[in-house]
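See below for the structure under consideration.
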Protein chains: 4
Amino acid sequence: MQLFIRPGDDLPIYRQIMRQIMDAIAGGRLTSGDQLPSHRDLSEQLVIAPLTVKKAYDELEALGYIGTQRGRGTYVAARLPRGATAAQASQLEASARGLVSQAYLAGLQLSDVIQLIKDADREISAAPGLQPRKEGRQR
Amino acid sequence: MQLFIRPGDDLPIYRQIMRQIMDAIAGGRLTSGDQLPSHRDLSEQLVIAPLTVKKAYDELEALGYIGTQRGRGTYVAARLPRGATAAQASQLEASARGLVSQAYLAGLQLSDVIQLIKDADREISAAPGLQPRKEGRQR
Amino acid sequence: MQLFIRPGDDLPIYRQIMRQIMDAIAGGRLTSGDQLPSHRDLSEQLVIAPLTVKKAYDELEALGYIGTQRGRGTYVAARLPRGATAAQASQLEASARGLVSQAYLAGLQLSDVIQLIKDADREISAAPGLQPRKEGRQR
Amino acid sequence: MQLFIRPGDDLPIYRQIMRQIMDAIAGGRLTSGDQLPSHRDLSEQLVIAPLTVKKAYDELEALGYIGTQRGRGTYVAARLPRGATAAQASQLEASARGLVSQAYLAGLQLSDVIQLIKDADREISAAPGLQPRKEGRQR
DNA sequence: GTGGTCTAGACCACC
DNA sequence: GTGGTCTAGACCACG
């Protein structure tokens with residue numbers, strides 16, 4: 001299980017957790033049915049309050065990425081909310097625009113940005129990240 | 001002068017202003033020496049508190065993008081802070097990673113993301129955006 | 001025997017079971033003296049823990065809907081607890097209020113809600129639901 | 001401002017709050033743009049922890065009923081999430097089914113249930129409930 | 001043991 | 001003042 005948080009970061013801890021889990025799903029390292037560690041275990045491991053992890057899980061559940069079953073655990077949703085909504089699409093455009101603008105201010109060219117994207121793709125697809133807890137394994 | 005803010009957005013208003021001005025600089029629609037509207041005028045136009053605009057200007061000044069000349073107004077800095085700092089570089093990587101991850105969750109492919117980037121490039125370079133207030137044109 | 005459970009549901013599994021049995025009694029598909037499947041059989045069929053079914057039966061027994069005869073099985077009670085208690089009445093009002101509110105938020109009218117009620121009535125009275133295990137038919 | 005909670009209730013406090021606010025919206029006593037009391041004020045008034053109210057507000061926001069603006073307050077959403085989704089529709093059917101079943105067990109007839117619905121309609125539309133805090137008013 | 005709820009504080013960013 | 005985040009506990013319901 002590799003999940004990293006940077007306590008003083010600009011991004012709230014619970015969002016760092018959300019993002020890493022969503023990254024793992026996006027990269028295929030977590031797929032439908034995989035069990036996530038209990039929010040208590042994860043909080044212990046990351047040395048943060050259980051509620052903080054729970055908040056991340058709650059939001060992910062509200063977004064449809066994971067589902068919880070009382071007394072049993074938390075799992076990656078069977079049907080992931082794919083399919084670009086209009087809102088998603090416009091947000092992606094805004095993000096792309098932000099990235100490009102940011103890059104130009106730093107003196108990069110369009111080709112440099114595209115290289116950045118390719119690097120990110122490789123990183124997301126390959127990163128070891130988050131070890132799901134499959135059936136009886138783990139302690 | 002076209003500047004748009006969304007009050008309920010995730011991004012604080014003052015950051016929305018900062019970003020749009022930085023975008024305009026990145027896109028060449030604002031260049032060294034161009035005058036920005038006074039924070040009072042801008043606040044009136046956007047129907048927000050003057051302090052909020054002032055905060056955006058202050059931060060931009062602290063970052064070196066603009067400079068104020070007491071009694072004369074606010075101008076885009078003569079020497080813009082180009083040149084990728086280490087911090088900037090790592091932040092760009094993080095942004096790229098976020099964009100790609102977000103896109104994959106929405107079901108897009110790497111090629112789709114690259115297209116998004118190209119679209120953003122065109123939009124940033126061409127958009128009319130922020131109309132600088134050149135020389136004497138007052139109000 | 002048709003009994004359906006949704007593991008990740010808001011309602012605990014044991015309550016889903018209780019509700020479906022109470023529905024069957026309300027709809028006349030189960031009546032006084034009908035035998036219910038053993039909690040072990042039912043748990044096997046639903047692929048859940050036997051304790052969960054037992055809890056549902058225990059609660060139903062505490063409420064007076066069913067009775068167990070040691071060594072013989074579980075049966076629908078001879079004298080069902082009809083007669084609206086004050087508590088039941090106020091709960092019914094609360095449920096009705098919840099339903100109406102929920103419907104209005106979804107854009108429905110009063111008449112639509114009444115239609116929903118009529119549909120539900122038809123469904124409850126007619127549905128095949130829970131097949132009681134009459135007399136000697138064993139497994 | 002009238003909002004009532006029953007601490008020991010079956011329904012969690014934060015859901016009681018959610019429901020009453022949704023009821024108020026459904027009944028037209030709260031409409032788009034109305035400001036809700038701050039979660040701190042409301043928590044004080046109800047004598048519960050601020051986080052509990054906040055959780056109710058958070059969930060309502062996730063559902064699209066209200067929106068928050070940092071530093072300004074919380075408001076009823078401009079565009080309420082009307083329009084029966086498939087999920088909403090099936091949930092309404094389930095609720096209706098539950099109500100009817102519950103009523104029959106209590107010995108009521110179909111006509112009695114319809115009367116219950118009509119009573120609930122009157123109550124929701126007329127109840128004084130939740131006083132929105134319009135512009136400068138309040139304290 | 002798992003998730004669900006709640007408390008009573010705290011500090012920060014924003015407007 | 002507002003909302004946003006976080007802590008370090010606690011108790012309960014569920015399976």
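The figures that follow rest on heavy atoms only: side chains count, while hydrogens, waters and symmetry mates do not. Proteins come first, then strands; the chains are lettered A, B, ... in the order of their sequence lines, and each starts at number 1.
A close approach under 4.0 Å does occur between a side-chain nitrogen or oxygen of D:S38 and OP1 or OP2 of F:dG3. Distances shorter than 4.0 Å separate some side-chain N or O of A:T74 from OP1 or OP2 on E:dG3. At least one side-chain nitrogen or oxygen of D:H39 sits closer than 4.0 Å to the OP1 or OP2 atom of F:dG3.
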Check: Where each pair must be Watson-Crick or G-U wobble with both distances under 3.5 Å, what dot-bracket representation of DNA chain F is obtained, with crossing pairs in [ ] and other-strand partners as |?
Finding: ||||||||||||||.
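In this entry the distance linking CZ of A:R72 with C1' of F:dA13 reads 16 Å, nearest Å. For the pair A:L42 CG and E:dT2 C1', the computed distance is 14 Å after rounding to whole Å. The nearest whole Å value for the distance from the CD1 atom in A:I5 to the P atom in F:dT5 is 15 Å. Regarding B:M18, its CE atom lies at a distance of 16 Å from the C1' atom of E:dC15, rounded to whole Å.
Separating the CG atom in B:L99 from the CZ atom in A:R97 is a distance of 13.0 Å, to the nearest 0.5 Å. B:I21 CD1 to B:L42 CG: the interatomic distance, rounded to the nearest 0.5 Å, is 6.5 Å. To the nearest 0.5 angstrom, A:I48 atom CD1 is 5.5 Å from A:I13 atom CD1.
Residues satisfying the side-chain hydrogen bond (donor to acceptor under 3.5 Å, both in side chains) test with B:S101, not counting sequence neighbours, are A:D23. In terms of the salt bridge (charged side-chain N to carboxylate O under 4.0 Å, His left out) criterion, residue partners of C:R6 (sequence neighbours excluded) are, by chain and number, C:D9.
The main-chain N or O of D:L92 is never found under 3.5 Å from a side-chain atom of C:Q102 such that the two would form a donor-acceptor pair.
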Quick one: side chains of residues 58-66 of chain D, donor-acceptor pairs under 3.5 Å with protein atoms, not counting sequence neighbours, listed by atom name and distance.
| from | atom 1 | to | atom 2 | distance (Å) |
| --- | --- | --- | --- | --- |
| D:D58 | OD1 | D:K54 | NZ | 3.1 |
| D:D58 | OD2 | D:K54 | NZ | 3.1 |
| D:E61 | OE2 | D:T68 | OG1 | 3.3 |

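Near DNA chain E, meaning a heavy atom under 4.0 Å away, the residues from residues 48-64 of chain D are D:I48, D:A49, D:L51, D:T52, D:K55. Residues from residues 8-15 of chain C lying near DNA chain E, meaning a heavy-atom separation below 4.0 Å, are absent.
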